[in-house]
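Keep in mind the model is a prediction, meaning the values are calculated, not measured.
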Amino acid sequence: MQMLTPEQAWHYRIVPKSTGNDSLSFYIDETVFDLGTINELEVIFGKTIYLEKVEWTRINKTLSKYYRIEHNKNATITAKGTHDDFLLNLIAEAKGLGSSDIHIEIYEGKCRIRIRMDGMMVERYVIRKEEYPSLINKIKIKANLDIAEKRLPQDGRIFFVVGEDKKFDIRVSVLPTLHGEKVVLRLLSNDATNIDIYKVGFTEFDLENYLEGVKRPNGIMLISGPTGSGKTTTLYATLKLLNKETRNILTIEDPIEYTLDGINQVQLKESIGLNFGSALRTFLRQDPDVIMVGEIRDPDTASMAIRAALTGHLVLSTIHTNSAWGTISRLVDMGIPPFLIANTLNTTVAQRLVRLLCPDCKKEEVFTSFLYPKQFVPFRVVSRHCVAQGCEKCFYTGYKGRKAVYEVIPIDATLSKQIKEGQYEISELLKERKIKSLSENVFELFESGKTSLEEIYPLLFNF
């Protein structure tokens, strides 16, 4: 890395390969290979030069990772003043790309920076170990953390302004590891203007069922799914729809990811006893119409949410289960009697985010059924499918963008009776109501060529 300056590497489009006593070998972009380049490099280094041609995409990927250059000299991002350094440009770049997290890590042989794009980690830069301590200290100073403390985990926040009016928070987490401190920057956007319940990804049929639940004056609507599946975004889109002058809406969240005018939002603070359960108790004295609870994670929160629904409030929340119907089992496991669940639960939703294939590089191939998981029975015959390739536009991942996929089960009188009686086999009832499972909805995305079998593979058994 230290053989070349970033300017030399990008100008000649070369990457060091190996060194000998009187020679140097480089990889070079095959599209710009020129014998004159050899002469120039021999003058610069005073050694015999050997060049090996490789694809331009590989050169681009390597240069952007190991030889960063400042593309944006007029960075408008500020943090407690105007700065123009690598950290601020890194945050501006990640924000511009729609990344949710920046991971800064140190190992025995290298230090790397990865960003999470569309839910997957992408290695963006490799930096020298000498640069690492000063970068970590800059982050700590901006987050008001102790730069002398390197043995214990620390958490902080940085408030950023991009341009003149866009603001966002960064949650900073510092973790001591074997070779040094690992830092994760979570980029939290406060801008909720683009969140729309009609654009989050519901099919027309599922959206109709979901909105029927939203129109009810009371009951619980639960959205299930793993961390990072977009549940909170769906809840905010629902709150925007419900947000009217005639309604009193209260939320308890950890953290508050978006700020919405007209809604009273409360930040969770476990350290002083402000948790979901205690906040809900107070909410019931605040004459609410709609209550949003960030997550039902313990029996106390679950029982308070049930109580709120029984007393005439609409409660929106998330819960960790594998499917929409699995929500029932989770609530029973938390100690909620089935008859209370049946009387309060009005809609249960399962949600996942599926990465979409990059339209610039996806490739169509002949499909064979042995590629399916064992014991999986496909819904329809597929003769051709699209696979991920990778190009510069998608950072060589093969995917660009994500789409939310839902399974919506409205709880009617028949399903309510099933819950009371403990009869949880409802597959035939769902078919009669034409309710599609997560598995069916992701299969349709695969069938249409928008995503790959590899991406939907884990969801094919979510019935």
Side-chain angles (χ1 to χ4, degrees), residues 1-73 75 84-94 97 99 102-117 120-136 138 177-183 360-361 389-398:
M1 281 178 61
Q2 294 173 8
M3 280 181 172
L4 292 173
T5 66
E7 289 74 21
Q8 288 172 332
W10 281 95
H11 176 73
Y12 292 107
R13 299 190 60 74
I14 55 176
V15 174
K17 177 185 177 185
S18 61
T19 179
N21 291 332
D22 297 309
S23 65
L24 290 173
S25 296
F26 295 95
Y27 294 109
I28 186 170
D29 180 348
E30 62 184 2
T31 63
V32 299
F33 179 79
D34 188 342
L35 292 177
T37 302
I38 296 178
N39 297 330
E40 289 183 32
L41 292 174
E42 285 181 342
V43 171
I44 292 171
F45 293 102
K47 292 187 176 184
T48 304
I49 300 296
Y50 298 99
L51 300 179
E52 180 180 330
K53 293 185 285 186
V54 295
E55 293 177 352
W56 67 271
T57 54
R58 295 179 64 192
I59 289 289
N60 266 14
K61 185 177 181 180
T62 309
L63 288 177
S64 64
K65 189 185 297 184
Y66 291 92
Y67 291 99
R68 63 177 186 273
I69 54 176
E70 303 297 341
H71 294 288
N72 181 13
K73 291 294 182 184
D84 187 12
D85 59 17
F86 173 60
L87 174 62
L88 301 183
N89 286 326
L90 171 66
I91 294 170
E93 178 190 23
L97 293 171
S99 173
I102 302 171
H103 292 244
I104 304 170
E105 305 160 318
I106 183 167
Y107 301 94
E108 186 176 8
K110 68 174 182 178
C111 307
R112 69 176 178 180
I113 297 173
R114 295 188 291 172
I115 62 175
R116 191 174 287 281
M117 295 286 299
M120 298 298 288
M121 301 288 279
V122 177
E123 190 171 300
R124 197 75 186 98
Y125 298 109
V126 175
I127 64 176
R128 292 193 293 272
K129 293 188 78 170
E130 308 88 73
E131 297 177 0
Y132 194 80
S134 62
L135 179 60
I136 299 303
K138 275 185 182 179
T177 64
L178 179 62
H179 300 291
E181 292 176 294
K182 170 186 166 72
V183 176
D360 295 294
C361 64
Q389 291 293 300
C391 66
E392 190 177 22
K393 291 184 179 178
C394 63
F395 297 97
Y396 306 92
T397 62

- Candidate pair I113 and F86, rule side-chain contact (heavy atoms from CB on, under 4.5 Å), full reasoning: CA-CA 12 Å; I113 297 173; F86 173 60; 3.5 Å; yes

- Task: Walk me through it: do T397 and M117 pass the test side-chain contact (heavy atoms from CB on, under 4.5 Å)?
- Result: CA-CA 9 Å; T397 62; M117 295 286 299; over 6 Å; no

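In this structure, G390 and C361 approach most closely via the heavy-atom pair N-SG, 3.3 Å.
Contact check for I28 versus V54: no side-chain heavy atoms found under the 4.5 Å cut-off. Residues L51 and L41 have side chains in contact (heavy-atom distance under 4.5 Å, counting atoms from C-beta outward). For the pair L4/P16, a side-chain contact is recorded, criterion being any heavy-atom separation below 4.5 Å from C-beta on. Contact check for Y27 versus R58: no side-chain heavy atoms found under the 4.5 Å cut-off. Here the side chains of V183 and I136 are in contact, with some heavy-atom distance below 4.5 Å.
Sequence neighbours left out, the pairs with a member in residues 21-36 that pass salt bridge (Lys or Arg N to Asp or Glu O under 4.0 Å) are R13-D29. Evaluation of the ring pair (Phe, Tyr, Trp, His ring centres under 6.0 Å) test over residues 35-57, restricted to residues two or more places apart or in two chains, returns F26-F45.
Listed by chain and residue number, nothing satisfies the salt bridge (Lys or Arg N to Asp or Glu O under 4.0 Å) test with K53 (two or more places apart in sequence, or in another chain). Shown here are the side-chain hydrogen bond (donor to acceptor under 3.5 Å, both in side chains) partners of K17, two or more places apart in sequence or in another chain: E52. Every residue meeting the side-chain contact (heavy atoms from CB on, under 4.5 Å) condition with K182, not counting sequence neighbours, appears here in chain and number order: H103, E105, T177, V184. Checked against side-chain contact (heavy atoms from CB on, under 4.5 Å), N39 has the following partners two or more places apart in sequence or in another chain: E42.
A distance of 11.0 Å separates CG in L24 from CD1 in I44, rounded to the nearest 0.5 Å. From L63, atom CG reaches atom CD1 of I14 across 9.0 Å, with rounding to the nearest 0.5 Å. Within the model, atoms CD1 of I106 and SG of C111 stand 4.0 Å from one another, a figure rounded to the nearest 0.5 Å. Distance check: I102 CD1 to L90 CG gives 4.5 Å after rounding to the nearest 0.5 Å.
With respect to the salt-bridge test (charged N to carboxylate O, under 4.0 angstrom), the residues R128 and E131 qualify. Salt bridge status for E108 with K129: absent, with no side-chain N to carboxylate O gap under 4.0 Å.
No side-chain donor from either of R114 and Y125 sits under 3.5 Å from a side-chain acceptor of the other. Side chains of E181 and Y132: no donor on one and acceptor on the other come within 3.5 Å.
Checking side-chain atoms of S99 against main-chain N and O of R116 turns up a donor-acceptor pair under 3.5 Å. Using modelled atom types, no side-chain atom of E40 and backbone atom of T37 make a donor-acceptor pair closer than 3.5 Å.
Applying the 6.0 Å contact sphere to NZ of K47 captures more than 12 heavy atoms from other residues, nucleotides or ligands.
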